[in-house]
Amino acid sequence: MLRFTDEHEWLKLEGDVATVGITAFAAEQLGDLVFVELPKVGATLKKAEAAAVVESVKAASDVYAPLDGEVTEINDAAVADPASVGTDPQGAGWLYKMKLADVAAFDGLMDEAAYAEFAK
Amino acid sequence: MSAPSSAAADAARPDTIPFEPSGDLARTPLHALHLRLGAKMTAFAGYDMPVQYPAGLMTEHLHTRAAAGLFDVSHMGQIALASPTGGTDEVAVWLETLIPVDVIGLKAGRQRYGLLTDDAGGVRDDLMIARFEDRFVLVVNAGCKIADEAHLRAHLPETIEMTVLDRGLIALQGPGAEAALANLATGVAAMRFMDVAEIDVLGAPCLISRSGYTGEDGFEISVPPDRAEAIAQALLDDPSVLPVGLGARDSLRLEAGLCLHGADIDRTTTPAEASLVWAIQPVRRRGGAREGGFPGADRVLDDIANGPKRKRVGLRPEGRAPVRAGAALYAAEEGGEPIGAVSSGGFGPSVGAPVAMGYAPSALAQPGARLFADVRGRRLGLSVVALPFVPAGFKRA
């Protein structure tokens with residue numbers, strides 16, 4: 001189950017835990033990534049607040065929390081090798097996992113077709 | 001085709017700056033080439049310029065230091081100055097009234113880095129000053145060229161002719177630059193760092209300097225605008241040459257410790273604060289034979305003689321987070337007021353780590369001093385380091 005935000009994040013839901021990352025579109029826009037900063041495990045996230053930061057050579061970009069929830073896991077590999085986020089942003093380049101406060105809210109986000117249209 | 005032409009012929013043409021009156025972005029002679037090469041474009045100083053090409057910023061940056069990068073810098077201003085009666089000697093004397101540099105002592109065939117100062121001792125612009133047998137040619141920043149031209153014209157005596165040149169400007173930088181350019185032009189291998197010469201490239205009359213903005217060996221080539229694309233394409237046909245955009249141009253110059261006007265130097269920074277005293281030859285300083293005589297001389301020379309209160313330094317963040325322009329600097333990890341600010345910062349692909357420059361109080365502006373930068377509300381440690389971050393590759397001898 002894949003959903004997308006208008007800030008170019010993707011979420012994959014398994015039970016009540018969503019894996020979050022930036023989309024291939026966003027990664028392509030950012031270019032080579034050199035730094036990734038992730039939230040702390042246990043942190044409470046509120047929808048649309050900055051949760052993480054990805055930086056290219058030229059600029060820093062906030063990655064927003066797509067929904068309310070709590071961080072359960074972070075991808076240390078992304079921190080250790082920021083370039084890997086750009087190589088496979090929607091797979092191995094995932095950023096963090098969060099337990100959603102309201103699982104039903106997941107369905108309210110854009111699906112793949114809607115995002116493809118949005119990102120044109 | 002038109003020669004670099006006498007200054008008189010240049011003066012007969014109106015001053016032209018390729019700017020469309022509707023407010024749309026101006027285009028350099030290489031604009032179509034950038035689009036063909038798939039560049040990501042951006043607005044810069046009123047021009048539609050390439051930020052990067054499909055290879056990407058990292059590759060473009062690293063390739064320039066390993067081989068050769070080709071940059072379109074045609075948006076910069078090129079200004080010719082000549083005196084039919086007094087020759088370049090007269091122009092040199094006049095330039096010294098606006099620039100705190102030894103221009104009179106600059107020989108024909110040589111170029112020097114200089115500054116245009118204002119009455120408060122701040123820096124209006126930094127520029128290259130090239131002397132040929134019959135004229136000077138100044139290369140100024142794109143963002144300042146309109147103001148620079150007005151400033152020069154406001155002080156221009158009747159006996160000196162000033163012409164804004166309608167020419168392209170191509171930079172070819174890196175250890176492979178000489179070999180690539182030598183395929184198209186004779187005499188470039190013999191040039192040393194900061195030599196200038198009038199040399200044909202692909203049969204077109206060009207002005208070539210052995211200089212650049214990357215810290216590497218390389219050349220800056222002033223080309224007739226209608227030959228710019230052919231010359232650029234011929235250089236790009238060399239497998240060692242990649243096109244490089246403004247993004248990598250910035251990371252290259254930052255690693256080289258070179259100032260960007262508008263970021264590291266501006267009208268609020270004196271040359272001494274900017275750590276550019278080396279550009280002001282002793283003959284123009286206190287005690288020199290041609291001491292002062294340029295705008296803001298008292299302030300500029302006081303700062304040199306007494307030492308400035310703050311100085312531009314290199315900064316190396318301790319972690320992996322880049323520290324960028326505008327970040328406040330502190331002396332301690334907690335508390336206290338800001339003591340300075342980062343003026344340029346980002347990631348250095350050749351260094352493999354974040355690099356920055358900024359202003360700190362002179363007492364703290366020593367290599368090894370530990371400062372703190374506010375990044376997203378947290379204070380990150382960084383060390384003052386000597387510049388440049390990567391060793392220069394200039395061909396001096």
Side-chain angles (χ1 to χ4, degrees), chain A residues 7-9 20 22-46 48-65 71 74-90 93 95-96 119-120, chain B residues 38-42 44 49-65 244-255 260 263 317-327 342 344-356 373-378 380 389:
Chain A
E7 291 291 350
H8 306 287
E9 290 104 19
V20 183
I22 61 170
T23 63
F25 176 85
E28 203 272 333
Q29 292 292 304
L30 288 166
D32 301 303
L33 293 178
V34 299
F35 178 70
V36 172
E37 186 179 281
L38 299 177
K40 288 191 168 37
V41 172
T44 303
L45 300 180
K46 298 212 76 57
E49 278 183 358
V53 177
V54 293
E55 298 209 37
S56 65
V57 176
K58 292 273 323 149
S61 287
D62 285 322
V63 180
Y64 300 96
V71 179
I74 59 175
N75 187 358
D76 292 318
V79 174
D81 181 16
S84 68
V85 175
T87 317
D88 187 11
Q90 297 186 201
L95 296 178
Y96 62 91
K120 270 214 186 107
Chain B
K40 271 195 187 136
M41 305 294 282
T42 193
F44 185 84
M49 297 298 289
V51 173
Q52 63 179 12
Y53 299 85
L57 213 148
M58 287 279 236
T59 297
E60 291 170 29
H61 176 117
L62 295 170
H63 186 87
T64 301
R65 295 215 188 283
V244 180
L246 292 182
R249 180 169 167 82
D250 190 44
S251 53
L252 286 160
R253 70 94 191 166
L254 178 57
E255 287 187 338
L260 172 63
E318 286 166 6
R320 301 171 60 194
V323 177
R324 301 189 187 265
V342 175
S344 285
F347 184 81
S350 301
V351 177
V355 292
D374 183 315
V375 177
R376 292 183 284 273
R378 293 208 317 268
L380 305 183
F389 295 98

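Remember, it's a predicted structure, so these values are computed and weren't measured experimentally.
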Work out which heavy atom in [X] is nearest to a heavy atom in [Y]; give both atom names and the distance.
{"X": "B/Arg378", "Y": "A/Glu37", "result": "NH2-OE1, 3.5 Å"}
{"X": "B/Arg324", "Y": "A/Ala60", "result": "NE-N, 3.8 Å"}
{"X": "A/Val57", "Y": "B/Leu57", "result": "CG1-CD2, 3.6 Å"}

Problem - Greatest number of heavy atom pairs closer than 4.5 Å to chain B - which of A/Ala50, A/Pro82, A/Ala59 - result: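 That would be A/Ala59.
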
Problem - Per-residue contact mode, A/Val36 against chain B (heavy atom under 4.5 angstrom) - result: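 For A/Val36, no heavy atom lies under 4.5 Å from chain B.
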
Practice task
May I ask you to decide whether B/Glu60 forms a salt bridge with A/Lys58, counting only side-chain N to carboxylate O separations under 4.0 Å?
Solution key: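 No, this pair does not count.
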
Handout entry: Gap separating the NE2 atom of B/His61 from the CG atom of A/Asp32, nearest 0.5 angstrom
Key =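 B/His61 atom NE2 to A/Asp32 atom CG measures 11.5 Å (nearest 0.5 Å).
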
Problem - Any donor-acceptor N/O pair, B/Arg320 side chain to A/Ala80 backbone, under 3.5 Å - result: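 Answer holds: yes.
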
